[in-house]
Peer 1: 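Please find one structure pasted underneath; my questions will follow.
Side chains are part of it too, since the values below use all heavy atoms of this structure and drop only hydrogens, waters and symmetry mates.
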Amino acid sequence: GTALGAIIGFMMYLVIFIYGSMVMRSVMEEKLSRIVEVMVSSVRPIQLMMGKLIGVGGVGLTQLAIWAVLIPIVLLVLAALLPGVEPGQLANMNSGIEIDPKAVEDFSGKQIIAAIFNLKWWLILPVFIIFFLGGYFIYSSLFAAMGSAISEDMGEGQQLMLPIVIVVLIAFYMLFPVLANPNGTLAIFASLFPLFSPIIMPARLAFDPPWWQIVLSIVIMLATVWFFIWLTSRIYRVGILMYGKKVTIREMIKWLRYSE
């Protein structure tokens, strides 16, 4: 469970940065090439932003589907090839520590793989997909807003991305104490806080968290997705048509008050 939680948490961490950066780079390229000026004459800015988010998100889901097919196949192949471990060999590997032979007489790589298949995948996979999409839309909408605010100076992107990067890194570093105590106060808080939950809650699924925490976390996250898309679309509609001005976080906050 700990290994699975660490892998899932790390995957979510990579997904947020990889696909969020793809969205941001795409928005920047369209803005700097002035293609976006032609597109917004036919569609509303929020429709343009949502189309970009959904398109890149579809790529991410396709990649997840490929992993979901390949990983079980690899595990089945390993189960057929891995030899068992004799109790005496296991004792030698543990540098002389005394181990009850009865406790390890059936220990083998095959049993580890069998334990992996015995996890509640019927719950883990669908919930992971929900949190994957929720985390993706929350952070990618922020990356899209930052990309729309960048002018010709690419260095502005690093400054505007800093608050997002800090939040994601905090969530990632919280992963390790959460895995050490998956039902503690920190784990529950991080699982419900919508900016942390896309990384923390999927990592806790192998430890059977209470169902109400999963449901409440999903509801809070979905409400946050709606709020962030509404919020970032107001920044996006102004930023994509603004050139030659260095934008700050304070300036983007002013854009939120602009009328349609």
Peer 1: Taking the six-membered ring for Trp, are the ring centroids of Tyr139 and Phe143 within less than 6.0 Å of each other?
Peer 2: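 Centroid separation for Tyr139 and Phe143: 6.0 Å or greater.
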Peer 1: Distance check, rounded to the nearest 0.5 Å: Lys31 atom NZ versus Ile240 atom CD1?
Peer 2: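 Spacing of NZ (Lys31) from CD1 (Ile240) equals 8.5 Å.
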Peer 1: Strictly under 6.0 Å, is that where the ring centroids of Phe128 and Phe131 end up?
Peer 2: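 Phe128 vs Phe131: aromatic centres not under 6.0 Å.
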Peer 1: Verify the distance criterion only: is there a donor paired with an acceptor across the side chains of Lys52 and Ser26 at less than 3.5 Å?
Peer 2: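 There is such a pair (donor and acceptor under 3.5 Å, judged by atom type) between the side chains of Lys52 and Ser26.
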Peer 1: For the residue pair Phe132 and Tyr136, does the interplanar ring angle fall in the parallel (under 30°), tilted (30 to 60°) or perpendicular (over 60°) class?
Peer 2: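 Phe132 vs Tyr136 ring planes: parallel.
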Peer 1: Is the backbone N or O of Ser191 less than 3.5 Å from a side-chain atom of Ser217, with the two atoms forming a donor-acceptor pair by type?
Peer 2: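 Yes; at least one donor-acceptor contact below 3.5 Å.
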Peer 1: Compare every heavy atom of Arg204 with every heavy atom of Pro210, then report the nearest pair and how far apart it is.
Peer 2: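 Heavy atoms only, the tightest pair is CD-NH2, 4.4 Å.
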Peer 1: Check whether any side-chain N or O of Gln47 sits under 3.5 Å from a backbone N or O of Arg44 as a donor-acceptor pair, and report yes or no.
Peer 2: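 Looks like yes, one N/O pair under 3.5 Å.
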Peer 1: In Å and rounded to the nearest 0.5 Å, what is the OG to CE distance from Ser140 to Met24?
Peer 2: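 Rounded to the nearest 0.5 Å, the OG-CE separation comes to 11.5 Å.
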Peer 1: Kindly indicate whether the side chain of Met50, heavy atoms from C-beta on, has any atom under 4.5 Å from the side chain of Phe137.
Peer 2: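 Result yes, sub-4.5 Å side-chain heavy-atom pair found.
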Peer 1: Atom CG in Leu175, atom CZ in Phe10: separation rounded to 0.5 Å?
Peer 2: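 Output value for this atom pair is 10.5 Å.
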Peer 1: Should Val27 and Val36 count as side-chain neighbours, where that means a heavy-atom distance under 4.5 Å?
Peer 2: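 A side-chain contact is absent here, since even the closest heavy-atom pair is not under 4.5 Å.
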Peer 1: Compare all side-chain heavy atoms of Arg237 with those of Met49 and state whether any distance is below 4.5 angstrom.
Peer 2: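 No - every pair of side-chain heavy atoms lies 4.5 Å or more apart.
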Peer 1: Between Val23 and Leu162, is there shared hydrophobic-cluster membership here, with clusters defined by ILVMFWY side-chain heavy atoms closer than 4.5 Å?
Peer 2: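 Yes, Val23 and Leu162 fall within the same hydrophobic cluster.
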Peer 1: So Phe172 and Phe176, would you call those rings parallel, tilted or perpendicular, with 30° and 60° as cut-offs?
Peer 2: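 Phe172 and Phe176: perpendicular rings.
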Peer 1: Would you indicate whether the side-chain heavy atoms of Ile199 and Ile16 approach each other to under 4.5 Å?
Peer 2: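 Side-chain contact under 4.5 Å: yes.
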Peer 1: Could you please spell out the steps behind the side-chain contact (heavy atoms from CB on, under 4.5 Å) verdict for Ile138 and Thr224?
Peer 2: CA-CA 7 Å; Ile138 288 174; Thr224 305; 3.9 Å; yes
